[in-house]
Protein chains: 2
Amino acid sequence: MKIAVVQMRMGPEPGENLERGMTFVEAAAAQGAAVVCLPELFRSRYFCQVEDPAWFDLAESIPGPTTEVLGRLARRLGVVIVAPLFERRAAGLYHNSAVVLDSDGTQAGHYRKMHIPDDPCYYEKFYFTPGDLGFRAFGTRAGRLGVLICWDQWYPEAARLTALQGPDVLFYPTAIGWHPQEKAVEGAAQRDAWRTVQRGHAIANGVYVAAANRVGHEPAPGAGAGIEFWGSSFIADPQGVVLAEASTDREEVLVAEVDPGRVEVVRRNWPFLRDRRIDAYHEITQRFLDEEKL
Amino acid sequence: MKIAVVQMRMGPEPGENLERGMTFVEAAAAQGAAVVCLPELFRSRYFCQVEDPAWFDLAESIPGPTTEVLGRLARRLGVVIVAPLFERRAAGLYHNSAVVLDSDGTQAGHYRKMHIPDDPCYYEKFYFTPGDLGFRAFGTRAGRLGVLICWDQWYPEAARLTALQGPDVLFYPTAIGWHPQEKAVEGAAQRDAWRTVQRGHAIANGVYVAAANRVGHEPAPGAGAGIEFWGSSFIADPQGVVLAEASTDREEVLVAEVDPGRVEVVRRNWPFLRDRRIDAYHEITQRFLDEEKL
């Protein structure tokens with residue numbers, strides 16, 4: 001089975017981003033992909049560079065207009081689509097979400113980003129309520145798949161809890177980039193850390209990992225240097241080997257083969273799941289293990 | 001502060017391995033290291049290539065003869081030593097352990113390997129009872145440090161639970177290598193996965209990681225192709241940047257600078273610990289999340 005991740009630029013018009021995203025999904029399907037993952041919040045620029053309540057206007061319900069049009073596309077092409085959306089759940093209650101549309105057009109899954117960042121130019125805590133649906137893998141006609149979003153990718157717990165539900169692939173729609181003023185000094189290490197920690201999840205869990213990032217510079221809606229999204233979308237195998245990797249500066253559709261037999265082989269040779277010390281992990285629900293408690 | 005990891009070959013004589021290990025500790029101290037980590041089971045060849053009860057003769061008590069001689073060395077040199085030992089706890093009860101000897105010669109910590117592997121030529125489940133001391137960081141005169149052993153390195157839970165106790169460095173004494181018959185095809189990916197998953201722990205936890213591996217070919221005590229230990233000991237910073245890395249085929253002492261200020265800076269810029277969803281991690285104590293339960 002082939003899977004695809006879409007790496008794209010976003011313009012100021014949501015309708016145009018949706019159209020262009022759909023064109024990329026078609027291109028991925030034409031290359032034989034059975035599952036296509038779009039980048040985080042693909043219908044808009046990354047508005048979280050500033051805190052402005054006007055941006056809540058971009059949010060929509062799930063199901064809603066975008067899931068309807070993408071559901072029709074999924075059915076027409078016979079592909080599963082992982083569609084990250086800005087979800088309006090109620091007045092004053094919004095989530096950074098992703099919907100899985102099955103290849104018959106029905107909704108196979110709904111994930112709400114669990115870990116919400118907040119640092120300069122990534123002011124997500126203002127917009128997004130932390131997810132309350134837990135970590136999820138979903139059954140689809142193209143197999144079982146897990147969905148996590150961006151900041152989740154730094155958390156081994158998120159990868160583990162999703163992988164324990166039996167998917168062959170963890171999808172990570174993402175919006176991450178460089179602060180232009182930091183890029184020269186910090187850029188290479190930041191991008192490498194981002195890729196390495198996710199390859200680590202693939203290895204520790206014996207599962208494919210597919211990351212779909214946006215690309216290109218987006219100005220800050222108010223002022224500031226904006227963000228240069230670093231692309232570098234990739235697909236890694238269950239041993240962390242990078243099967244396909246995109247550029248840092250171009251729109252691309254990345255396609256790679258996913259083989260459940262490879263998951264089986266890797267896990268038989270390195271049987272990490274067998275030896276987990278589940279009797280000794282309970283303190284992982286603690287914030288920190290302060291010295292006086294030990 | 002400087003730390004060091006020792007990469008060494010082991011011969012058939014435990015007394016000689018101990019002597020040589022001590023010589024490497026002296027060399028590390030001469031280069032200014034305040035903490036020196038020896039490889040897993042450094043007093044002997046990797047006897048777990050076969051299951052033979054005679055090898056239990058190698059085990060010793062903790063404290064015992066080796067901790068005594070290494071404690072004296074630690075005090076004389078004024079260094080902290082992480083000393084992996086085959087521990088005899090009682091008749092029929094053995095552990096794959098590591099002792100932390102403080103720079104005044106006293107015992108600052110005792111860790112018993114929690115995750116025990118068992119796969120062809122690594123028959124550790126025959127020899128070692130899984131650890132019952134939990135995941136541990138220890139206070140020393142050279143700062144707080146965490147100790148894990150070999151197979152533990154594949155488990156994000158182990159790194160997290162140790163890092164949550166506040167160490168600046170996680171030490172991983174190790175004995176890992178290639179099956180000679182697999183090396184040409186699988187060798188590069190295996191070694192890279194080993195390094196990547198540990199760099200991932202550094203990144204996810206914002207902590208230094210130092211891995212000390214043995215090196216060289218050791219014949220199987222009975223028959224078979226033996227194991228070619230791949231060396232490649234390394235020290236990575238809290239962003240996963242490799243500060244020092246050893247060869248695949250030579251004995252070496254690796255030294256690198258550890259700066260608690262760097263831990264502070266990295267964690268301030270990527271504040272992962274702040275956003276952990278401790279309300280949603282409890283199922284990490286499950287073996288698997290079978291579909292029917294979801």
Side-chain angles (χ1 to χ4, degrees), chain A residues 114-119 130-132 134-137 139 144 151 154-161 164-166 186 189-190 192-194 196-204 237 239-241 269-291 294, chain B residues 114-119 130-132 134-137 139 144 151 154-161 164-166 186 189-190 192-194 196-205 239-241 269-291 294:
Chain A
M114 291 286 283
H115 299 96
I116 307 295
D118 194 285
D119 48 271
D132 58 353
F135 301 99
R136 308 289 294 271
R144 206 161 170 72
W151 195 238
W154 302 101
Y155 294 84
E157 294 94 340
R160 179 69 96 202
L161 285 163
L164 287 180
Q165 297 171 49
E186 304 281 352
Q190 289 172 348
D192 191 45
W194 172 80
T196 299
V197 79
Q198 291 178 87
R199 290 177 59 215
H201 301 329
I203 297 161
D237 88 352
Q239 210 175 20
V241 175
N269 282 282
W270 281 346
F272 306 142
L273 293 184
R274 180 191 65 192
D275 296 331
R276 292 178 67 237
R277 289 296 304 271
I278 55 174
D279 60 310
Y281 293 161
H282 54 281
E283 288 186 314
I284 222 143
T285 58
Q286 299 297 306
R287 181 66 64 206
F288 197 70
L289 298 170
D290 303 280
E291 214 165 329
L294 299 175
Chain B
M114 291 287 283
H115 299 95
I116 308 295
D118 193 285
D119 48 272
D132 58 353
F135 302 100
R136 311 286 296 271
R144 207 161 168 74
W151 194 237
W154 302 101
Y155 293 84
E157 294 92 341
R160 179 69 96 202
L161 285 163
L164 288 181
Q165 296 170 48
E186 305 281 353
Q190 290 172 346
D192 191 45
W194 171 80
T196 300
V197 79
Q198 291 177 87
R199 290 177 58 215
H201 302 329
I203 297 161
N205 295 289
Q239 209 175 21
V241 176
N269 281 281
W270 280 348
F272 306 143
L273 294 184
R274 180 192 64 193
D275 296 331
R276 292 178 67 237
R277 288 296 302 272
I278 55 173
D279 60 311
Y281 293 162
H282 53 283
E283 288 186 314
I284 222 144
T285 58
Q286 298 297 305
R287 181 65 66 204
F288 197 69
L289 298 169
D290 303 279
E291 216 166 330
L294 299 173

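Every chain is numbered from 1, with letters handed out A, B, ... down the list of sequences.
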Subject >> Partner set under side-chain hydrogen bond (donor to acceptor under 3.5 Å, both in side chains) for B:Asp275, not counting sequence neighbours >> reply: A:Lys125, A:Trp151

Original post:
Residues in side-chain hydrogen bond (donor to acceptor under 3.5 Å, both in side chains) with B:Arg277, at least two apart?
Top reply: B:Asp279

Original post:
Most heavy-atom pairs under 4.5 angstrom with chain B, which of A:Pro156, A:Ala158, A:Gly134, A:Gly200?
Top reply: A:Pro156

**OP:** Using a cut-off of under 4.5 Å on heavy-atom pairs, state which of A:Ala202, A:Gly240, A:Ala159, A:Ala204 scores highest against chain B.
**Re:** A:Ala204

Quick one: does [X]'s side chain get under 4.5 Å of [Y]'s, heavy atoms only?
{"X": "A:Ile284", "Y": "A:Glu157", "answer": "yes"}
{"X": "A:Glu283", "Y": "A:Leu289", "answer": "yes"}
{"X": "A:Asn269", "Y": "B:Glu186", "answer": "no"}
{"X": "B:Trp270", "Y": "B:Gln239", "answer": "yes"}

Contact origin within [X] toward chain A - heavy atom pairs under 4.5 Å:
{"X": "B:Gln190", "result": "both"}
{"X": "B:Arg276", "result": "both"}
{"X": "B:Arg136", "result": "neither"}

Below 4.5 Å, heavy-atom pairs only: which of [options] has the largest tally toward chain A?
{"options": "B:Asn205, B:Leu161, B:Ile116", "result": "B:Leu161"}
{"options": "B:Gly139, B:Pro130, B:Ala193, B:Gly166", "result": "B:Ala193"}
{"options": "B:Phe135, B:Trp194, B:Trp154", "result": "B:Trp154"}
{"options": "B:Asp119, B:Leu273, B:Asp118", "result": "B:Asp118"}

Subject >> A:Arg160 CZ to B:Tyr281 OH distance, which is reported to the nearest 0.5 Å >> reply: 13.5 Å

